[in-house]
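Accompanying notes for the structure given below.
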Amino acid sequence: METTSVRVRFAPSPTGGLHLGGVRTALFNYLFARKHNGSFVLRIEDTDQTRFVPGAEQYIIDCLKWCNIAPDEGPHLDGHFGPYRQSERKATYRQYAEQLITQGNAYYAFDTPEELENMRNRFRTEANPSPQYDARVRMEMKNSLTMTAEELHQELEKKTPYVVRIKMPAGREILLNDMIRGEVRFQTDQVDDKVLLKADGMPTYHLAVVADDYAMQITHAFRGEEWLPSAPVHVMLWEYLGWKEKMPEWAHLPLILKPDGQGKLSKRDGDRLGFPVFAMDWQDPKSGDIAKGFREMGFLPEAFVNMLAMLGWNDGSGEEIFTLEELAERFSIERIQKAGAKFDFEKAKWFNQEWIKKSSVATLQPLVRTTLQANGIEAAEEMLGTIIPMVKDRCQLLNDFVQQSAYFFQDPAKPELELIKPKWDSNKTAFFEGWLEKTEATYADNAAALEAEFKEMASAAQLKVGELQLPLRIMLVGGKFGPPVFEIISLIGMEATQRRVKTALSELA
RNA sequence: GGCCCGUUGGUCAAUCGGUUAAGACGCCUCCCUUUCACGGAGGAAUGAGGGGUUCGAUUCCCCUACGGGCUACCA
């Protein structure tokens, strides 16, 4: 019987837009929490004051909400483990840092940035291009390990800026049991004395993540694979602080990679290759630049989340389209991929298309209305309800509804007449003039009858129906797309039809 | 350089020692359709290399190669 309830957390830094990888980490947290009836906590890791961006926290909350993976606890919600912003928990970190110093597991370091730079230059060799602040060098630096009690007291009195560093033990092997990767071993001699408390009194990630995971009783910690190398520091901290039995189980998620080349997917790649990397539009408050989001690109949240879940995880069944509920049911850490996955925007669009096909008119209608409005098209609800089922199989993105339904509401601005000009002749002009005359008084609500009449006239004029029907479509719709022409006529009515054909005819003359 | 992680078609991937090595995206062909899609039927395309272990390795082990991550008073 499980006695402790599952508690997981998503802990982003409010430094900008919410990246694909971030949303996936949040999603896996959410799915795991739902599956085990646990709690999903949002914790804001705003310990770097230099990178803090106003508005980013609310933006993150909004993104999670759009994705339907809202947390149970967080800075904007109630919860018994707050505050949920690390900047508001400053006092506890200092307390733990001092405890570690007292225990002899951490120490004050007064080295200036210049002195650190000098150290790196001094110890840099070809075999060791980036020397670390570790057991080999710490006794040569300016810290409480190399100072007398009197010297230390003086520096502290003088308010000399200092950081607190962890003192990594010598000659130990740290074994981490990762839920995705299994046993991972580290030698403590290879790990440097990471800074725990910065000169400004803020903790670094290393101290904060341990203190908060403990305080918030996190049972399972998901994070990106880029954190694996610093995991031994965190394990040591759990041990030094005496909480080893409470340490969460770790799951280091594989990275989402660039579609081409190699490396982590970055915002630049999206710009370069023409797809978004953020969940929603993000406007940088300083530059005012807007980075495109999947939402604004025309993705359904269900599709976005579905696509993300399948990037690095699958349930083994071969099925790919799942609702959030189905994902939560089937989710299992054991089936998370170990290797990074290259992001494929084509496949992402396919997921969205599947979701558009799968979605009901009722769920699509408000989204389509908003999309059309954003493009200056005011659509009557009744008309929308008729059109959506006709065109939704032709849309990959919500924005495709603009092209696929604009002609129901307005005459095409620039019909692609070039497509028919080469084969155009006076016989066709004559045919259409005759057809216009004949259909002027027609009540156009019967697509089948219209089609039959059109074909009849074509054969009477000894013209191929196909060579007339395509021009008609282009005159009415603007291009080679859309549902059957005569169904379109039956919706836009004979008046609009006549007008569009006449306009086209005069341009073809 | 060091440490850590990884490696099945172009991409996402199944397989948990014995298979004709699934499926999906994309691509190509055909059918349906006098548009575009949807749908249907096919096709091309994969175990990085080398050693072991084993009756038998894509699967287990080792080495190499390659890719990635980390190596900040950023997360």
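Here the structure is a predicted model, which is why all the values come from computation and not from measurement. The sequence lines fix the lettering, A, B, ..., with proteins before strands; numbering per chain opens at 1.
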Could you summarise the pairing of RNA chain B as dot-bracket text, marking Watson-Crick and G-U pairs under 3.5 Å with ( ) or [ ] inside the strand and | across strands? (((((((..(((.....[....))).(((((.......)))))....(((((..]....))))))))))))....
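- Taking the P atom of each, rU19(B) and rA57(B) are spaced 11 Å apart, rounded to whole Å.
- Contact annotation: the side chain of F275(A) never approaches that of K349(A) to less than 4.5 Å [non-hydrogen atoms, C-beta and beyond].
- A cation-pi contact, defined as under 6.0 Å to the ring centre and within 45° of the axis, links R165(A) to Y133(A).
- When heavy atoms are screened at a 4.0 angstrom cut-off, Q187(A) is found touching no nucleic acid atom at all.
- What you find for V233(A) and K194(A) is that their closest heavy atoms are CG2-CG, 3.8 Å.
- Judged by distance alone, the side chain of D178(A) and the main-chain N or O of H252(A) form a donor-acceptor pair under 3.5 Å.
- A gap of 24 Å separates the C1' atoms of rC36(B) and rG43(B), to the nearest Å.
- Side-chain polar atoms of R9(A) and N29(A) form no donor-acceptor pair below 3.5 angstrom.
- Using a 4.0 Å heavy-atom distance criterion, P484(A) is classed as a base contact.
- Within 4.0 Å of R335(A), counting heavy atoms only, lie sugar-phosphate atoms of the nucleic acid but no base atom.
- Nucleotides rA48(B) and rU35(B) place their P atoms 45 Å apart, quoted to the nearest Å.
- More than 12 heavy atoms of other residues, nucleotides or ligands sit less than 6.0 Å from atom CZ of R122(A).
- Side chains of L176(A) and P232(A) form no contact here, defined as non-hydrogen atoms less than 4.5 Å apart.
- Between Q190(A) and K338(A), it is Q190(A) whose nearest contact on RNA chain B lies nearer the 5' terminus.
- In this structure, M141(A) and L116(A) have side chains that are in contact, with non-hydrogen atoms separated by less than 4.5 Å.
- Between F299(A) and F294(A), the two ring planes are perpendicular [angle over 60°; tilted spans 30° to 60°].
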Indicate for each nucleotide in nucleotides 69-75 of chain B, in 5' to 3' sequence, whether protein heavy atoms under 4.0 Å reach the base (B), only the sugar-phosphate (S), or nothing (-). BSB-BBB
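- Nucleotides rA24(B) and rA45(B) place their C1' atoms 14 Å apart, quoted to the nearest Å.
- Under a cut-off of 6.0 angstrom, the local environment of CD in E456(A) is sparse, with at most 12 non-hydrogen atoms contributed by other residues, nucleotides or ligands.
- For the OP1/OP2 pair of rC38(B) and a distance below 4.0 Å, the side-chain nitrogens and oxygens of Q353(A) include at least one atom meeting the criterion.
- For the pairing with E354(A), the side chain to side chain contact (heavy atoms under 4.5 Å, CB included) check across L300(A), I321(A), N306(A) returns one residue only, I321(A).
- With ring centers used as reference points, W313(A) lies 6.0 Å or more from F28(A).
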May I have the step-by-step check of side-chain contact (heavy atoms from CB on, under 4.5 Å) for V305(A) and L327(A), ending in yes or no? CA-CA 10 Å; V305(A) 146; L327(A) 287 171; 4.3 Å; yes
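- Taking the side chain as every heavy atom from C-beta outward, K480(A) and E416(A) never approach each other to under 4.5 Å.
- Proximity of residues 340-352 of chain A to RNA chain B (heavy atom under 4.0 angstrom from any strand atom) is restricted to A341(A), K342(A), D344(A), E346(A), K347(A), W350(A).
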Polar-atom pairs under 3.5 Å, protein N or O versus N or O of nucleotides 40-49 of chain B: list them with distances, or write none.
none

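- Look at the P atom in both rA41(B) and rG6(B): the space between them is 39 Å, to the nearest Å.
- Within the structure, the ring-ring contact (aromatic ring centres under 6.0 Å, His included) test picks out the following pairs touching residues 158-191 of chain A (sequence neighbours left out): Y108(A)-Y162(A), F110(A)-Y162(A).
- Taking every heavy atom of residues 462-480 of chain A and every atom of RNA chain B, pairs under 4.0 Å involve V465(A), G466(A), Q469(A), L470(A), R473(A), K480(A), by number.
- Proximity of N314(A) to the phosphate of rC12(B): no side-chain N or O atom is located under 4.0 Å from OP1 or OP2.
- Both tests do not hold together for K421(A) against W424(A): distance to the six-membered ring centre under 6.0 Å, angle to the ring axis within 45°.
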